[in-house]
Amino acid sequence: MSGEEEVLVRVEGRAGRLVLNRPKALNALSHPMVLRIEEALTAWREDPAVETVVISGAGERGLCAGGDIRAIYEDARTGGSASADFWRDEYRLNALIARYPKPYVALMDGIVMGGGVGVSAHGSVRIVTERSRVAMPETGIGFVPDVGGTYLLALAPGELGTHLALTGAPVGAADALLCGLADHFVPSERLGALVADLARVPVHDALTPYVGPAPDGELASHREWIDHCYAADTVEEVLARLLASGVPAAKEAAATLAAKSPTALKVTLAALRGARRLGPLERVLEQEYRVSCAALSSPDLVEGIRAQVIDKDRAPHWSPARLAEVTEADTARYFAPLGEHGELALARAGSFQEVPW
């Protein structure tokens, strides 16, 4: 395989191997990468020689830092459709991974953010290491958790998922396990041997010698204030509870929220609450697609990427600038139907019970 290929695809023994191969960009996903992964998974699904799929990232920094943010920035600035086309295929891939009939082993070593969560945390065998930093940091760029992130975080215990979705805070191995974003802890130095064994023996047999307890996390000791504060009905009330709690970590969370896009915060909270009612992943991905497409025409997405990625001044000027200025109509716009030919339409008609927004 050429080292210039963005996804290295090969079969090693009984395992199909996918290696995201843009290490200089922290393996950020491009549209061709998404299509290549889908192509390989579709072929391997019917190939009896491939019993297990393993996905990992090239380089030393992580599995994947997300989507190509600069490409989304240019597309949003010019009113293009490339991002919507990318998300349509990316979210279909997320659903394919979640329903894949063979073991799908994701090595979530190092940085795993945004789209990286989408190609890993929907898998059936999700492995974290002491180096793992897992996050959905979208509110910091005026965006909303996608790639099934609102589905995953809505399923986390208590209000842990709400905390992670609104703040965008990264978590390590133990907290990823606690939140249901991962299944097993394996020390990073043993991943190479594990991958070699996955090529020889079934997943369960391969995993057993390597899996162990993760180093202590942080979220379990914060459950009381997190569950209380984030159970509020509005972002304004969440902030008020955080500030009134008297807990230093809660006040730090409040300061973090104060720097995020007010619109993105309100839409994210609504999306999470909606995900809890929608049911299967496919329905949630359909909702996320509406939200993501709406964000393309929001000034906050362009401004957020400018401040964090393009100019890197870390001083976004959100519009509206205050939570109180974000109306219910502003939030509702993100969930508006896209029309018969615009919807993602992942779930078969009649397959799942419709839940009104």
Side-chain angles (χ1 to χ4, degrees), residues 106 108 111-114 116-118 120-123 126-140 144-186 211-260 264-279 281 284 323:
M108 301 171 71
I111 293 174
V112 184
M113 296 185 178
V117 173
S120 60
H122 296 298
R126 305 161 302 172
I127 295 170
V128 284
T129 76
E130 76 284 355
R131 295 168 10 101
S132 296
R133 302 298 288 169
V134 184
M136 297 297 295
E138 285 77 9
T139 56
V144 177
D146 65 335
V147 298
T150 59
Y151 174 84
L152 294 165
L153 294 175
L155 291 174
E159 295 296 335
L160 292 178
T162 311
H163 170 66
L164 297 183
L166 294 180
T167 63
V171 295
D175 290 333
L177 292 165
L178 172 64
C179 292
L181 300 173
D183 303 301
H184 305 289
F185 173 82
V186 174
V211 170
D216 290 342
E218 301 176 5
L219 290 180
S221 63
H222 296 304
R223 279 291 302 276
E224 184 174 355
W225 67 262
I226 286 176
D227 287 352
H228 169 69
C229 295
Y230 289 96
D233 291 334
T234 66
V235 178
E236 289 92 334
E237 179 60 23
V238 168
L239 267 173
R241 292 187 185 187
L242 290 170
L243 291 170
S245 71
V247 179
K251 292 188 176 182
E252 290 176 11
T256 297
L257 294 185
K260 307 298 185 185
L265 289 175
K266 287 199 171 185
V267 175
T268 295
L269 184 61
L272 276 172
R273 299 287 162 82
R276 290 176 177 173
R277 299 193 299 266
L278 282 170
L281 171 64
V284 179
L323 285 168

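Along the sequence shown, residues are numbered consecutively beginning with 1.
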Problem - Partner set under side-chain contact (heavy atoms from CB on, under 4.5 Å) for Arg223, not counting sequence neighbours - result: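 Residues passing side-chain contact (heavy atoms from CB on, under 4.5 Å) with Arg223: Pro157, Leu160, Asp227.
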Practice task
Measure the shortest side-chain to side-chain distance between Leu153 and Cys179 over non-hydrogen atoms and say whether it is less than 4.5 angstrom.
Solution key: no
Practice task
Please examine the side chains of Asp175 and Glu218, heavy atoms only from C-beta on, and report whether any two atoms are closer than 4.5 Å.
Solution key: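 With C-beta onward as the side chain, the pair touches.
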Counting distance only, does the side-chain N/O of [X] pair as donor-acceptor with the main-chain N or O of [Y] below 3.5 Å?
{"X": "Ser132", "Y": "Met108", "result": "yes"}
{"X": "Arg126", "Y": "Ala106", "result": "no"}
{"X": "Lys266", "Y": "Leu323", "result": "yes"}

[X] [atom1] to [Y] [atom2] distance, which is reported to the nearest 0.5 Å:
{"X": "Thr150", "Y": "Leu281", "atom1": "OG1", "atom2": "CG", "answer": "8.5 Å"}
{"X": "Asp233", "Y": "Leu269", "atom1": "CG", "atom2": "CG", "answer": "8.5 Å"}
{"X": "Thr234", "Y": "Leu265", "atom1": "OG1", "atom2": "CG", "answer": "11.5 Å"}
{"X": "Tyr230", "Y": "Leu166", "atom1": "OH", "atom2": "CG", "answer": "6.5 Å"}
{"X": "Ser120", "Y": "Ile127", "atom1": "OG", "atom2": "CD1", "answer": "11.5 Å"}
{"X": "Thr162", "Y": "Ile226", "atom1": "OG1", "atom2": "CD1", "answer": "10.0 Å"}

Exercise for the section: Sort and list the pairs that fulfil side chain to side chain donor-acceptor pair (under 3.5 Å) and have at least one residue in residues 237-251, not counting sequence neighbours. Expected result: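 Non-adjacent pairs meeting side chain to side chain donor-acceptor pair (under 3.5 Å): Glu237-Arg241.
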Practice task
Give the intermediate values and the outcome of side chain to side chain contact (heavy atoms under 4.5 Å, CB included) for residues Glu138 and Val144.
Solution key: CA-CA 5 Å; Glu138 285 77 9; Val144 177; 5.5 Å; no
Handout entry: Worked check of side chain to side chain contact (heavy atoms under 4.5 Å, CB included) between His122 and Leu152
Key = CA-CA 8 Å; His122 296 298; Leu152 294 165; 3.7 Å; yes
Problem - Leu177 versus Ala214, closest heavy-atom pair with distance - result: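 Closest approach of Leu177 to Ala214: CD1-CB, 3.9 Å.
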Exercise for the section: Go through the steps for Leu272 and Arg276 under the test side chain to side chain contact (heavy atoms under 4.5 Å, CB included), then give the verdict. Expected result: CA-CA 7 Å; Leu272 276 172; Arg276 290 176 177 173; 5.7 Å; no
Exercise for the section: On the 0 to 90° scale, with breaks at 30° and 60°, tag the Trp225-His163 ring pair as parallel, tilted or perpendicular. Expected result: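 The arrangement is perpendicular - the two ring planes meet at more than 60°.
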